[in-house]
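Along the sequence shown, the residues carry numbers beginning at 1. Keep in mind the model is a prediction, meaning the values are calculated, not measured.
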Amino acid sequence: MINHSLVREIGPTLRADPSRVVIRPFVPGDDPTVPDPALRSRIGRIIERIVTLDAQTCRSELERILASLAGRHGDVEQVLLRRCNDLVCPPAIPSPGLTKDQMLLIGAYMSAEYSYESAALFNPSIVPHPEAAKVAGASRFLLSLRAVGEGHLSSITFRTGHFDGSHVELDPVSAISTPPRVKPLPGGEADDPGVRLTCGSFPDISSLVIFPVTFRQRHGLEDLRLTRFEEENGYSFYLGTYTAAGGETVRQELLRTTDFQSFELSALRTEVSDTKGIAIFPRRIAGHYAALARLDHESIWLLRSNDIYNWTDGAIILRPCFPWEFVQLGNCGSPIELDEGWLVITHGVGPVRDYSLGACLLDKENPARVLGRSTSPLITTDPKDRDGYVPNVVYSCGALLHERTLLLPLSSPTLSSASPLSTSIGCWPHSAEA
(Lines give C-alpha, C1' and ligand atoms only; values in the text may rest on other atoms or scores of the structure.)
Protein backbone atom coordinates (compact mmCIF):
# COMPACT_ATOMS: atom_id res chain seq x y z
CA MET A 1 0.00 0.00 0.00
CA ILE A 2 1.23 3.52 -0.83
CA ASN A 3 0.84 6.96 0.69
CA HIS A 4 -0.51 8.50 -2.53
CA SER A 5 -0.05 12.05 -1.26
CA LEU A 6 3.71 11.50 -1.57
CA VAL A 7 4.24 8.45 -3.78
CA ARG A 8 3.08 7.66 -7.31
CA GLU A 9 3.54 4.38 -9.15
CA ILE A 10 4.73 4.88 -12.70
CA GLY A 11 6.05 1.45 -13.80
CA PRO A 12 7.42 -0.39 -15.69
CA THR A 13 7.92 -3.80 -14.09
CA LEU A 14 10.96 -6.06 -14.45
CA ARG A 15 10.41 -9.78 -14.00
CA ALA A 16 12.75 -12.69 -13.47
CA ASP A 17 13.62 -14.37 -16.77
CA PRO A 18 14.91 -17.97 -16.69
CA SER A 19 16.13 -17.67 -20.29
CA ARG A 20 18.93 -15.30 -19.22
CA VAL A 21 21.97 -17.51 -18.80
CA VAL A 22 25.70 -17.04 -18.32
CA ILE A 23 28.63 -19.45 -18.61
CA ARG A 24 30.25 -19.92 -15.21
CA PRO A 25 32.85 -22.37 -13.83
CA PHE A 26 31.76 -25.90 -13.03
CA VAL A 27 33.84 -28.07 -10.68
CA PRO A 28 32.86 -31.75 -10.47
CA GLY A 29 32.63 -33.15 -6.95
CA ASP A 30 35.66 -34.93 -5.51
CA ASP A 31 35.93 -38.72 -5.29
CA PRO A 32 35.24 -39.66 -1.63
CA THR A 33 36.64 -43.16 -2.06
CA VAL A 34 40.23 -41.92 -2.47
CA PRO A 35 42.05 -41.70 0.91
CA ASP A 36 44.53 -39.00 -0.11
CA PRO A 37 42.72 -35.59 -0.28
CA ALA A 38 45.28 -34.33 -2.80
CA LEU A 39 44.23 -37.06 -5.25
CA ARG A 40 40.45 -36.85 -4.87
CA SER A 41 39.86 -34.31 -7.62
CA ARG A 42 38.13 -35.74 -10.68
CA ILE A 43 39.24 -32.92 -12.96
CA GLY A 44 42.42 -34.70 -13.99
CA ARG A 45 40.47 -37.85 -14.90
CA ILE A 46 38.10 -35.87 -17.12
CA ILE A 47 41.00 -34.13 -18.88
CA GLU A 48 42.70 -37.48 -19.49
CA ARG A 49 39.52 -38.78 -21.15
CA ILE A 50 39.28 -35.68 -23.35
CA VAL A 51 42.88 -35.92 -24.62
CA THR A 52 42.38 -39.59 -25.60
CA LEU A 53 39.76 -38.58 -28.20
CA ASP A 54 40.99 -38.59 -31.79
CA ALA A 55 41.06 -35.24 -33.58
CA GLN A 56 37.90 -35.88 -35.62
CA THR A 57 35.83 -36.93 -32.60
CA CYS A 58 37.13 -33.99 -30.59
CA ARG A 59 36.21 -31.54 -33.39
CA SER A 60 32.78 -33.11 -33.88
CA GLU A 61 31.96 -32.91 -30.17
CA LEU A 62 33.24 -29.34 -29.99
CA GLU A 63 31.16 -28.23 -32.99
CA ARG A 64 28.05 -29.64 -31.37
CA ILE A 65 28.75 -27.74 -28.15
CA LEU A 66 29.57 -24.44 -29.87
CA ALA A 67 26.38 -24.69 -31.96
CA SER A 68 24.29 -25.19 -28.82
CA LEU A 69 25.81 -22.06 -27.21
CA ALA A 70 25.69 -19.82 -30.29
CA GLY A 71 23.30 -16.89 -29.91
CA ARG A 72 23.07 -17.36 -26.15
CA HIS A 73 26.52 -16.06 -25.20
CA GLY A 74 29.14 -13.66 -26.49
CA ASP A 75 32.76 -14.65 -27.22
CA VAL A 76 32.06 -18.31 -26.46
CA GLU A 77 35.46 -19.57 -27.58
CA GLN A 78 37.27 -16.96 -25.52
CA VAL A 79 35.22 -17.85 -22.46
CA LEU A 80 36.00 -21.56 -22.84
CA LEU A 81 39.71 -20.96 -23.49
CA ARG A 82 39.86 -18.71 -20.44
CA ARG A 83 38.20 -21.37 -18.34
CA CYS A 84 40.81 -23.88 -19.49
CA ASN A 85 43.76 -21.52 -18.95
CA ASP A 86 42.56 -20.09 -15.65
CA LEU A 87 41.70 -23.44 -14.10
CA VAL A 88 43.10 -23.24 -10.57
CA CYS A 89 41.55 -26.35 -9.03
CA PRO A 90 44.03 -29.26 -8.69
CA PRO A 91 45.41 -30.67 -10.82
CA ALA A 92 46.54 -27.69 -12.89
CA ILE A 93 46.23 -27.70 -16.66
CA PRO A 94 48.51 -30.40 -18.09
CA SER A 95 51.51 -29.83 -20.36
CA PRO A 96 51.25 -27.25 -23.14
CA GLY A 97 50.96 -29.91 -25.84
CA LEU A 98 47.18 -29.43 -26.06
CA THR A 99 45.53 -28.46 -29.32
CA LYS A 100 43.11 -25.54 -29.42
CA ASP A 101 40.19 -27.94 -29.87
CA GLN A 102 41.27 -29.92 -26.81
CA MET A 103 41.56 -26.71 -24.75
CA LEU A 104 38.11 -25.56 -25.86
CA LEU A 105 36.64 -28.94 -25.00
CA ILE A 106 38.30 -28.94 -21.57
CA GLY A 107 36.86 -25.46 -20.98
CA ALA A 108 33.41 -26.71 -21.97
CA TYR A 109 33.55 -29.68 -19.58
CA MET A 110 34.66 -27.38 -16.76
CA SER A 111 31.83 -24.87 -17.40
CA ALA A 112 28.06 -24.77 -17.02
CA GLU A 113 25.23 -22.58 -18.18
CA TYR A 114 23.71 -20.83 -15.18
CA SER A 115 20.25 -19.25 -15.27
CA TYR A 116 21.10 -16.46 -12.89
CA GLU A 117 17.64 -14.93 -12.46
CA SER A 118 15.43 -17.99 -12.78
CA ALA A 119 14.08 -17.68 -9.21
CA ALA A 120 13.85 -13.95 -8.47
CA LEU A 121 14.85 -10.42 -9.43
CA PHE A 122 14.71 -7.82 -6.68
CA ASN A 123 16.38 -5.30 -4.29
CA PRO A 124 17.35 -2.69 -6.90
CA SER A 125 19.75 0.24 -6.63
CA ILE A 126 20.08 3.15 -9.06
CA VAL A 127 22.76 5.71 -9.97
CA PRO A 128 23.43 8.19 -12.80
CA HIS A 129 24.74 6.40 -15.87
CA PRO A 130 28.54 6.65 -16.42
CA GLU A 131 27.65 8.41 -19.67
CA ALA A 132 25.24 10.70 -17.86
CA ALA A 133 24.27 13.09 -20.65
CA LYS A 134 20.61 14.06 -20.47
CA VAL A 135 18.33 13.07 -23.34
CA ALA A 136 15.50 15.52 -23.99
CA GLY A 137 15.47 16.62 -20.35
CA ALA A 138 15.63 13.08 -18.99
CA SER A 139 18.30 11.71 -16.65
CA ARG A 140 20.10 8.61 -17.90
CA PHE A 141 20.45 5.98 -15.17
CA LEU A 142 21.97 2.60 -14.40
CA LEU A 143 19.97 0.12 -12.34
CA SER A 144 21.49 -2.80 -10.44
CA LEU A 145 19.47 -5.79 -9.29
CA ARG A 146 19.92 -8.85 -7.13
CA ALA A 147 19.25 -11.85 -9.35
CA VAL A 148 18.64 -15.26 -7.79
CA GLY A 149 19.03 -18.49 -9.72
CA GLU A 150 19.63 -22.19 -9.21
CA GLY A 151 20.64 -23.05 -5.65
CA HIS A 152 19.26 -19.71 -4.41
CA LEU A 153 22.57 -18.15 -5.45
CA SER A 154 22.51 -14.35 -5.75
CA SER A 155 24.34 -12.43 -8.48
CA ILE A 156 24.42 -8.79 -9.58
CA THR A 157 22.94 -7.74 -12.90
CA PHE A 158 22.24 -4.38 -14.56
CA ARG A 159 19.73 -2.41 -16.64
CA THR A 160 19.84 1.10 -18.12
CA GLY A 161 17.22 3.69 -19.00
CA HIS A 162 15.98 7.30 -18.78
CA PHE A 163 13.77 9.22 -16.33
CA ASP A 164 12.24 12.64 -17.10
CA GLY A 165 10.49 13.21 -13.77
CA SER A 166 7.22 11.61 -14.89
CA HIS A 167 8.07 8.58 -16.98
CA VAL A 168 10.66 5.82 -16.98
CA GLU A 169 11.92 4.27 -20.20
CA LEU A 170 14.08 1.16 -19.92
CA ASP A 171 16.54 0.27 -22.67
CA PRO A 172 16.14 -3.14 -24.35
CA VAL A 173 17.95 -5.87 -22.45
CA SER A 174 20.89 -7.65 -24.04
CA ALA A 175 20.14 -11.03 -25.60
CA ILE A 176 23.43 -12.40 -24.28
CA SER A 177 25.18 -12.34 -20.90
CA THR A 178 28.90 -11.92 -20.28
CA PRO A 179 30.96 -13.52 -17.48
CA PRO A 180 33.88 -11.48 -16.13
CA ARG A 181 37.54 -12.39 -16.20
CA VAL A 182 38.75 -12.80 -12.61
CA LYS A 183 42.20 -11.92 -11.29
CA PRO A 184 43.37 -11.50 -7.65
CA LEU A 185 44.26 -7.98 -6.61
CA PRO A 186 47.98 -7.48 -5.88
CA GLY A 187 48.89 -7.04 -2.24
CA GLY A 188 45.83 -8.85 -0.91
CA GLU A 189 45.85 -11.39 1.88
CA ALA A 190 47.00 -14.80 0.67
CA ASP A 191 43.93 -16.65 1.92
CA ASP A 192 41.42 -13.86 1.21
CA PRO A 193 42.50 -11.63 -1.68
CA GLY A 194 40.34 -9.03 -3.31
CA VAL A 195 39.62 -9.59 -6.99
CA ARG A 196 39.57 -7.55 -10.16
CA LEU A 197 36.81 -8.37 -12.63
CA THR A 198 37.33 -7.39 -16.25
CA CYS A 199 34.41 -7.58 -18.62
CA GLY A 200 35.97 -6.05 -21.71
CA SER A 201 34.46 -3.25 -23.75
CA PHE A 202 30.82 -4.18 -24.24
CA PRO A 203 28.37 -1.54 -25.48
CA ASP A 204 25.48 -2.94 -23.43
CA ILE A 205 25.88 -2.94 -19.63
CA SER A 206 22.84 -5.20 -19.33
CA SER A 207 24.97 -8.06 -20.69
CA LEU A 208 27.20 -8.02 -17.58
CA VAL A 209 26.71 -10.49 -14.73
CA ILE A 210 28.74 -10.49 -11.52
CA PHE A 211 28.37 -13.86 -9.82
CA PRO A 212 30.25 -15.22 -6.76
CA VAL A 213 33.92 -15.79 -7.57
CA THR A 214 35.60 -16.21 -4.16
CA PHE A 215 35.17 -18.64 -1.28
CA ARG A 216 33.73 -15.96 1.01
CA GLN A 217 31.12 -15.14 -1.64
CA ARG A 218 30.21 -18.71 -2.53
CA HIS A 219 26.56 -18.47 -1.38
CA GLY A 220 25.86 -15.18 -3.10
CA LEU A 221 26.36 -11.44 -3.62
CA GLU A 222 23.37 -9.74 -2.02
CA ASP A 223 21.80 -6.26 -2.00
CA LEU A 224 24.28 -4.00 -3.80
CA ARG A 225 23.93 -0.38 -2.62
CA LEU A 226 25.45 1.81 -5.33
CA THR A 227 26.44 5.46 -5.14
CA ARG A 228 28.40 7.78 -7.40
CA PHE A 229 31.11 9.12 -5.11
CA GLU A 230 32.69 12.51 -5.76
CA GLU A 231 36.01 13.47 -4.22
CA GLU A 232 36.78 17.02 -3.10
CA ASN A 233 38.85 17.61 -6.27
CA GLY A 234 35.85 16.73 -8.47
CA TYR A 235 37.02 13.23 -9.44
CA SER A 236 34.09 10.81 -9.36
CA PHE A 237 33.72 7.04 -9.42
CA TYR A 238 31.19 4.45 -8.29
CA LEU A 239 31.14 2.58 -5.00
CA GLY A 240 28.77 -0.20 -4.01
CA THR A 241 28.55 -2.12 -0.76
CA TYR A 242 27.03 -5.60 -0.79
CA THR A 243 26.72 -8.64 1.45
CA ALA A 244 29.02 -11.54 0.63
CA ALA A 245 27.30 -14.70 1.84
CA GLY A 246 29.69 -17.49 2.68
CA GLY A 247 27.25 -20.02 4.10
CA GLU A 248 27.78 -19.88 7.83
CA THR A 249 29.19 -16.32 7.64
CA VAL A 250 28.32 -13.00 6.01
CA ARG A 251 30.35 -9.84 5.62
CA GLN A 252 30.27 -6.52 3.81
CA GLU A 253 32.39 -6.06 0.70
CA LEU A 254 32.98 -3.07 -1.56
CA LEU A 255 32.62 -2.88 -5.33
CA ARG A 256 34.54 -0.07 -7.02
CA THR A 257 34.38 0.96 -10.69
CA THR A 258 34.66 3.98 -12.96
CA ASP A 259 33.01 2.57 -16.10
CA PHE A 260 31.11 -0.66 -15.24
CA GLN A 261 33.51 -2.57 -17.49
CA SER A 262 36.11 -3.40 -14.83
CA PHE A 263 35.52 -3.75 -11.11
CA GLU A 264 37.48 -4.22 -7.91
CA LEU A 265 35.84 -6.27 -5.13
CA SER A 266 37.39 -6.21 -1.65
CA ALA A 267 36.30 -6.88 1.93
CA LEU A 268 35.35 -4.12 4.34
CA ARG A 269 36.51 -4.19 7.93
CA THR A 270 34.06 -3.07 10.62
CA GLU A 271 33.57 -3.32 14.37
CA VAL A 272 31.27 -6.29 13.80
CA SER A 273 32.35 -8.86 11.20
CA ASP A 274 28.84 -9.99 10.20
CA THR A 275 27.52 -6.49 9.47
CA LYS A 276 24.93 -6.12 6.70
CA GLY A 277 23.46 -3.12 4.93
CA ILE A 278 26.26 -0.53 4.92
CA ALA A 279 25.51 2.48 2.67
CA ILE A 280 28.26 5.01 1.91
CA PHE A 281 27.60 8.76 1.64
CA PRO A 282 28.30 10.11 -1.88
CA ARG A 283 31.02 12.51 -0.69
CA ARG A 284 33.29 13.17 2.29
CA ILE A 285 31.88 15.09 5.23
CA ALA A 286 34.34 17.30 7.12
CA GLY A 287 37.14 15.49 5.31
CA HIS A 288 36.02 11.99 6.37
CA TYR A 289 34.23 9.16 4.62
CA ALA A 290 30.81 8.50 6.15
CA ALA A 291 28.41 5.59 6.01
CA LEU A 292 25.20 4.27 7.51
CA ALA A 293 25.15 0.75 8.96
CA ARG A 294 23.30 -1.55 11.37
CA LEU A 295 26.01 -2.97 13.62
CA ASP A 296 23.57 -4.12 16.32
CA HIS A 297 21.13 -5.65 13.78
CA GLU A 298 18.33 -3.23 14.74
CA SER A 299 19.40 0.44 14.68
CA ILE A 300 20.88 2.87 12.15
CA TRP A 301 24.47 3.79 12.96
CA LEU A 302 26.60 6.59 11.54
CA LEU A 303 30.17 5.48 10.76
CA ARG A 304 33.13 7.73 9.96
CA SER A 305 36.55 6.77 8.60
CA ASN A 306 39.69 7.99 6.87
CA ASP A 307 39.99 4.61 5.12
CA ILE A 308 37.18 3.56 2.79
CA TYR A 309 37.87 -0.11 3.63
CA ASN A 310 38.13 0.20 7.42
CA TRP A 311 35.16 1.34 9.54
CA THR A 312 35.62 1.27 13.32
CA ASP A 313 34.21 4.61 14.52
CA GLY A 314 30.41 4.46 14.86
CA ALA A 315 27.42 5.51 16.95
CA ILE A 316 23.66 4.95 16.84
CA ILE A 317 21.62 7.83 15.40
CA LEU A 318 18.20 6.16 14.96
CA ARG A 319 16.58 3.39 17.01
CA PRO A 320 13.30 1.53 16.33
CA CYS A 321 10.52 3.76 17.58
CA PHE A 322 7.21 2.87 15.91
CA PRO A 323 5.39 -0.50 15.70
CA TRP A 324 6.20 -0.94 11.98
CA GLU A 325 9.93 -0.89 12.82
CA PHE A 326 10.09 -2.57 16.26
CA VAL A 327 12.12 -5.55 14.97
CA GLN A 328 14.74 -3.54 13.10
CA LEU A 329 15.45 -0.33 11.23
CA GLY A 330 17.81 0.09 8.31
CA ASN A 331 18.65 2.15 5.24
CA CYS A 332 17.43 1.62 1.69
CA GLY A 333 20.60 2.87 0.04
CA SER A 334 23.04 5.75 0.23
CA PRO A 335 21.85 9.11 1.58
CA ILE A 336 20.68 11.64 -1.03
CA GLU A 337 21.91 15.21 -0.71
CA LEU A 338 19.21 17.93 -0.78
CA ASP A 339 19.39 21.62 0.04
CA GLU A 340 17.63 20.76 3.29
CA GLY A 341 19.96 17.92 4.36
CA TRP A 342 20.61 14.23 3.72
CA LEU A 343 17.47 12.31 2.77
CA VAL A 344 17.56 8.64 3.76
CA ILE A 345 14.93 6.14 2.67
CA THR A 346 14.55 3.65 5.52
CA HIS A 347 13.04 0.23 5.93
CA GLY A 348 11.39 -1.03 9.09
CA VAL A 349 10.46 -4.57 10.05
CA GLY A 350 7.32 -5.15 12.10
CA PRO A 351 5.15 -8.12 13.12
CA VAL A 352 5.24 -11.27 10.97
CA ARG A 353 8.46 -9.88 9.46
CA ASP A 354 6.42 -7.32 7.54
CA TYR A 355 8.65 -4.74 5.81
CA SER A 356 7.66 -1.09 5.28
CA LEU A 357 9.48 1.94 3.89
CA GLY A 358 9.86 5.30 5.60
CA ALA A 359 12.32 8.20 5.51
CA CYS A 360 14.44 10.47 7.66
CA LEU A 361 16.35 13.71 7.13
CA LEU A 362 19.86 14.22 8.52
CA ASP A 363 21.76 17.46 9.01
CA LYS A 364 24.02 18.17 6.02
CA GLU A 365 27.10 19.15 8.03
CA ASN A 366 26.51 16.80 10.98
CA PRO A 367 24.59 13.69 9.86
CA ALA A 368 24.49 12.43 13.44
CA ARG A 369 21.79 15.07 13.99
CA VAL A 370 18.36 13.79 12.87
CA LEU A 371 16.16 16.65 11.66
CA GLY A 372 13.05 14.53 11.20
CA ARG A 373 11.70 11.04 10.51
CA SER A 374 8.46 9.60 9.17
CA THR A 375 6.12 8.45 11.94
CA SER A 376 4.13 6.19 9.62
CA PRO A 377 5.19 4.19 6.56
CA LEU A 378 5.31 5.70 3.09
CA ILE A 379 4.98 2.27 1.47
CA THR A 380 3.82 -1.06 2.90
CA THR A 381 3.01 -4.43 1.38
CA ASP A 382 -0.40 -4.74 -0.23
CA PRO A 383 -2.60 -7.47 1.33
CA LYS A 384 -3.68 -8.37 -2.21
CA ASP A 385 -0.09 -8.68 -3.46
CA ARG A 386 2.00 -10.01 -0.60
CA ASP A 387 3.06 -13.48 -1.75
CA GLY A 388 6.22 -14.39 -3.60
CA TYR A 389 9.85 -15.42 -3.19
CA VAL A 390 9.96 -13.35 0.03
CA PRO A 391 6.41 -12.54 1.21
CA ASN A 392 5.43 -9.36 3.06
CA VAL A 393 8.49 -7.41 1.91
CA VAL A 394 8.93 -4.11 0.06
CA TYR A 395 12.54 -3.03 -0.31
CA SER A 396 14.98 -0.85 -2.20
CA CYS A 397 18.75 -0.41 -2.20
CA GLY A 398 18.93 3.10 -3.61
CA ALA A 399 17.15 6.02 -5.27
CA LEU A 400 17.93 8.70 -7.86
CA LEU A 401 17.20 12.42 -7.60
CA HIS A 402 15.88 14.19 -10.71
CA GLU A 403 15.34 17.87 -9.95
CA ARG A 404 12.81 17.74 -7.07
CA THR A 405 11.53 14.22 -7.77
CA LEU A 406 12.97 11.02 -6.35
CA LEU A 407 12.99 7.92 -8.51
CA LEU A 408 12.71 4.95 -6.15
CA PRO A 409 13.07 1.50 -7.73
CA LEU A 410 11.12 -0.86 -5.53
CA SER A 411 10.94 -4.63 -5.14
CA SER A 412 7.78 -6.25 -3.86
CA PRO A 413 6.12 -9.69 -3.98
CA THR A 414 3.93 -10.72 -6.87
CA LEU A 415 1.42 -13.52 -7.29
CA SER A 416 2.66 -14.39 -10.77
CA SER A 417 4.12 -17.91 -10.75
CA ALA A 418 6.41 -16.91 -13.62
CA SER A 419 7.85 -14.09 -11.57
CA PRO A 420 8.16 -14.95 -7.86
CA LEU A 421 9.58 -11.51 -7.13
CA SER A 422 9.62 -8.54 -9.49
CA THR A 423 10.88 -4.98 -9.43
CA SER A 424 8.58 -2.07 -10.21
CA ILE A 425 9.65 1.56 -10.45
CA GLY A 426 7.92 4.50 -8.77
CA CYS A 427 8.72 8.12 -7.96
CA TRP A 428 8.40 10.15 -4.77
CA PRO A 429 8.19 13.96 -4.85
CA HIS A 430 10.14 14.70 -1.68
CA SER A 431 9.89 17.54 0.81
CA ALA A 432 11.96 18.69 3.74
CA GLU A 433 9.26 17.45 6.11
CA ALA A 434 9.63 13.84 4.95
Side-chain angles (χ1 to χ4, degrees), residues 18 21-54 57-58 60-62 64-66 68-69 73 76 79-99 101-120 147-155 179-184 188-195 197 209-222 243-251 253 265 267 273-274:
V21 292
V22 68
I23 297 175
R24 64 187 296 261
F26 168 69
V27 179
D30 289 346
D31 182 351
T33 67
V34 177
D36 186 349
L39 302 176
R40 288 177 182 169
S41 172
R42 292 164 49 218
I43 295 174
R45 301 182 196 175
I46 296 170
I47 293 176
E48 288 176 359
R49 293 166 189 153
I50 294 170
V51 299
T52 62
L53 297 175
D54 61 74
T57 303
C58 181
S60 176
E61 186 66 16
L62 183 59
R64 182 188 66 80
I65 294 167
L66 294 177
S68 74
L69 299 177
H73 307 277
V76 174
V79 171
L80 298 184
L81 284 174
R82 190 164 72 232
R83 176 59 182 145
C84 179
N85 287 325
D86 292 349
L87 191 62
V88 295
C89 302
I93 290 297
S95 63
L98 296 170
T99 67
D101 282 1
Q102 288 174 329
M103 295 179 68
L104 286 168
L105 202 54
I106 290 169
Y109 273 93
M110 297 299 132
S111 301
E113 280 194 319
Y114 179 67
S115 180
Y116 54 89
E117 61 177 60
S118 58
V148 181
E150 176 188 351
H152 305 288
L153 190 72
S154 294
S155 303
R181 174 173 292 181
V182 183
K183 295 291 184 183
E189 298 180 18
D191 61 342
D192 188 23
V195 294
L197 308 182
V209 184
I210 301 178
F211 48 75
V213 294
T214 71
F215 182 76
R216 294 293 295 269
Q217 302 169 353
R218 65 191 184 280
H219 282 209
L221 307 175
E222 302 176 357
T243 299
E248 67 283 355
T249 62
V250 299
R251 72 177 183 187
E253 295 186 352
L265 277 60
S273 60
D274 61 349

Indicate yes or no for a side-chain donor-acceptor contact from Gln102 to the backbone of Thr99 under 3.5 Å, with no hydrogens or angles considered. yes
Is a donor on one side and an acceptor on the other found under 3.5 Å between the side chain of Arg216 and the backbone of Gly246? no
Value rounded to 0.5 Å, distance of CG in Leu62 from OG1 in Thr57: 12.0 Å
I need the Thr214 OG1 to Leu265 CG distance, nearest 0.5 Å. 8.0 Å
Asp274: partners by side chain to side chain donor-acceptor pair (under 3.5 Å), with sequence neighbours left out: none
Given side-chain contact (heavy atoms from CB on, under 4.5 Å), test Leu104 with Cys84 step by step and report yes or no. CA-CA 7 Å; Leu104 286 168; Cys84 179; over 6 Å; no
Quick one: do Leu80 and Met103 satisfy side-chain contact (heavy atoms from CB on, under 4.5 Å)? Show the steps, please. CA-CA 8 Å; Leu80 298 184; Met103 295 179 68; over 6 Å; no
So, using side-chain contact (heavy atoms from CB on, under 4.5 Å) as the criterion, who are the partners of Ser155 when residues are at least two apart? Tyr114, Tyr116, Val209, Phe211, Pro212
Could you check Leu98 against Val51 for side-chain contact (heavy atoms from CB on, under 4.5 Å), going step by step and ending with a plain yes or no? CA-CA 8 Å; Leu98 296 170; Val51 299; 3.6 Å; yes
Results of side chain to side chain donor-acceptor pair (under 3.5 Å) for His219 - residues two or more places apart only: none
Listed by chain and number, what are the side-chain contact (heavy atoms from CB on, under 4.5 Å) partners of Ala244, not counting sequence neighbours? Gln217, Tyr242, Arg251, Glu253
Who pairs with Asp31 by salt bridge (Lys or Arg N to Asp or Glu O under 4.0 Å), at least two apart in sequence or on another chain? Arg45
Contacts of type side chain to side chain donor-acceptor pair (under 3.5 Å), residue Asp36, not counting sequence neighbours: none
Partners passing side-chain contact (heavy atoms from CB on, under 4.5 Å) against Ile46 (at least two apart in sequence or in another chain): Pro28, Arg49, Ile50, Tyr109, Met110
May I have the step-by-step check of side-chain contact (heavy atoms from CB on, under 4.5 Å) for Glu61 and Leu105, ending in yes or no? CA-CA 8 Å; Glu61 186 66 16; Leu105 202 54; 4.0 Å; yes
Taken in chain and number order and not counting sequence neighbours, the residues that satisfy side chain to side chain donor-acceptor pair (under 3.5 Å) with Arg181 are none
For Arg218, give me all partners under salt bridge (Lys or Arg N to Asp or Glu O under 4.0 Å), at least two apart in sequence or on another chain. Glu248
For Glu113, what residues pass the salt bridge (Lys or Arg N to Asp or Glu O under 4.0 Å) criterion, not counting sequence neighbours? Arg72
Please name all residues satisfying side-chain contact (heavy atoms from CB on, under 4.5 Å) with Val79, sequence neighbours left out, ordered by chain then number. Ile23, Arg82, Pro179
